[in-house]
Amino acid sequence: YGDAGNLSRRHACRNADGEFLRVGGLGLTGVIIKGIGGFYYVKAEDDIIECKARGRFRKEGLVPMVGDTVSVSVKNGKGSIDEILPRTTMLIRPAVANIDQLVVVVALRSPEPHAALIDHFLILGEHSGIETVLCFNKADLPHTQELVDIYRNAGYRVVLTSVETGEGVEELKSLLKGKITAFAGNSGVGKSSLLNALGAPEGLETGRVSEKIQRERHTTRHVELIELDGGALALDTPGFSSFEMPAVKAEELQDYFIEFAPYIGGCKFRGCAHISEPGCAVLEAVEQGKVSKLRHNSYKELYQELKKVKEWET
Ligand code: GDP
Ligand code: ZN
């Protein structure tokens, strides 16, 4: 479980539009969209089927997760999960399987974007083997193009959106089609507004949700997939703090800054940390403007943090 080798098997259960299909002999195949009090709600074709998990899962130490592709059967009006198909990805917190894509939402303005926060999420996506898209929202507000260019040039997939004007919403919609997507970003960047614009059911609450309710939702670890337009599934907007950050070693951090890759082998010293070493090819690339200073500063900031954690633990 958790490796990406079983993609084809999982995707074989969906058609080109990302709809879930009946698989011969296995009953219905669907996706668990939420679990409450021992019941799992499985979206299969146009139905949501309330299911219990078979007892043998517990014996095997297997717990169905939101996002799992499962085969279900219905007998005497009662649904049961018969099989859990291999997982392609797995996040522990929030506990969700088979996330195909992470959309990191950043407001171009209000709240002001912070590169280290963006990079945190990019690292999470990379670490979990989840494709990551950077969505710069509130494009209708006056802003500079600097951050957008930096991340585009670094090699990330970037979309500019505005819920106010509708800019980029169709482009984002096409990226979500047939996938399970998690939206991450700090509060106020417009995640709920975007989900509504993408066709979330019955209007998610935006802006007005009180801090207290937000806290409760997050402490109860509410995990639910919601259906958007075009057969897309999305993880209901957890806040920044509900994502567990991966245990990356300071020495490995360089691999998560994808634009450093061409330079890393060229440093004078093996084990160069690319902070202030002489003959460092990454620093040279920063000097020459080939690697953004802002990204390198963010790297240094995260590197020092990770180093501190390590010293602290040992
Ligand atoms: P969340 O905390 O990330 O879910 O953010 P919300 O969706 O609640 O949005 C926070 C605030 O930003 C609300 O007042 C929204 O109306 C506003 N907002 C969201 N998207 C946009 C946008 O594209 N442009 C502008 N100008 N405001 C937006
Ligand atoms: Zn170096």
**Item:** S73, S71, C51 screened by side chain to side chain contact (heavy atoms under 4.5 Å, CB included) with S80, the one that passes
**Value:** S73
**Message:** Donor-acceptor check, side chain of E277 to backbone of I275, threshold 3.5 angstrom: yes or no?
**Reply:** yes
**Asked** Judged by modelled atom types alone, do E284 and Y263 share a side-chain donor-acceptor pair under 3.5 Å?
**Response** no
**Message:** Could you measure the distance from the CG atom of L62 to the CZ atom of R56? Nearest 0.5 Å is fine.
**Reply:** 8.0 Å
**Request:** Kindly indicate whether the side chain of K307, heavy atoms from C-beta on, has any atom under 4.5 Å from the side chain of K249.
**Result:** no
**Prompt:** So which heavy atom on G35 is nearest to which on V66, and how close?
**Reply:** N-CG2, 4.1 Å
**Message:** A cation-pi test, strictly: NZ or CZ of K191 under 6.0 Å from the centre of the six-membered ring of F183 and no more than 45 degrees from its axis. Yes or no?
**Reply:** no
**Prompt:** Do Y156 and L122 touch side chain to side chain, with heavy atoms closer than 4.5 Å?
**Reply:** yes
**Asked** Can you name the closest pair of heavy atoms from S128 and T89 and give their distance?
**Response** O-CG2, 3.8 Å
**Asked** Would you say I150 and L283 are hydrophobically clustered, going by side-chain heavy atoms of ILVMFWY under 4.5 Å?
**Response** no
**Asked** Looking only at atom types and distance, does a side-chain atom of D68 sit under 3.5 Å from a main-chain N or O of M65, one as donor and one as acceptor?
**Response** yes
**Item:** Exercise: identify the closest heavy-atom pair between V189 and P111
**Value:** CG1-CG, 4.0 Å
**Prompt:** So, the side chain of R58 versus the backbone of V63: is there a donor-acceptor pair under 3.5 Å, distance only?
**Reply:** no
**Asked** Would you call C280 and K268 a side-chain contact if the rule is heavy atoms closer than 4.5 Å?
**Response** no
**Message:** So which atom in A53 and which in Y40 form the shortest heavy-atom distance, rounded to 0.1 Å?
**Reply:** CB-CE1, 4.0 Å
**Asked** Does L147 share a hydrophobic cluster with L141, counting links as ILVMFWY side-chain heavy atoms below 4.5 Å and allowing steps through other members?
**Response** no
**Message:** For the backbone of A285 and the side chain of Q288, can you confirm whether one donor and one acceptor N or O come within less than 3.5 Å of each other?
**Reply:** no
**Asked** F136 versus T161: any side-chain heavy-atom pair under 4.5 Å?
**Response** no
**Minimum-distance pair of heavy atoms, taken over all atoms of P113 and L108** = CD-O, 3.5 Å
**Request:** Mark yes or no for whether T132, through its side chain, and I130, through its backbone, hold a donor-acceptor pair below 3.5 Å.
**Result:** yes
**Message:** So if I apply the side chain to side chain contact (heavy atoms under 4.5 Å, CB included) rule between T69 and each of T88, V31, I180, which one comes out positive?
**Reply:** V31
**Item:** Atom pair NZ (K34) and CD1 (I48), whose distance is rounded to the nearest 0.5 Å
**Value:** 8.0 Å
**Asked** Below 4.5 Å, heavy atoms only, C-beta onward: do L235 and V223 meet side chain to side chain?
**Response** yes
**Prompt:** Could you give the distance from SG (C135) to CG (L194), rounded to the nearest 0.5 Å?
**Reply:** 5.0 Å
**Item:** Heavy-atom closest contact (S110 atom, K138 atom, distance)
**Value:** O-NZ, 2.8 Å
**Message:** Between L195 and I226, is there a side-chain heavy-atom distance shorter than 4.5 Å?
**Reply:** yes
**Message:** Side chains of Q101 and L176, heavy atoms from C-beta outward: is any pair under 4.5 Å?
**Reply:** yes
**Prompt:** How about H296 and V282: do any of their side-chain heavy atoms sit closer than 4.5 Å?
**Reply:** yes
**Item:** side-chain contact (heavy atoms from CB on, under 4.5 Å) involving E227 - partner list, sequence neighbours excluded
**Value:** K43, L233
**Criterion salt bridge (charged side-chain N to carboxylate O under 4.0 Å, His left out) on K308 and E305, from CA distance to verdict** = CA-CA 5 Å; K308 233 186 288 167; E305 256 175 53; over 6 Å; no
**Prompt:** E259: what forms a side-chain contact (heavy atoms from CB on, under 4.5 Å) with it, not counting sequence neighbours?
**Reply:** A154, F257, V291, R295
**Message:** Could you work out, with side-chain contact (heavy atoms from CB on, under 4.5 Å) as the rule, every residue matching E167, not counting sequence neighbours?
**Reply:** A139, L160, S162, T165
**Asked** Going through the distances and angles, do Y299 and H274 end up as a side-chain hydrogen bond (donor to acceptor under 3.5 Å, both in side chains)?
**Response** CA-CA 9 Å; Y299 167 82; H274 326 300; 4.7 Å; no
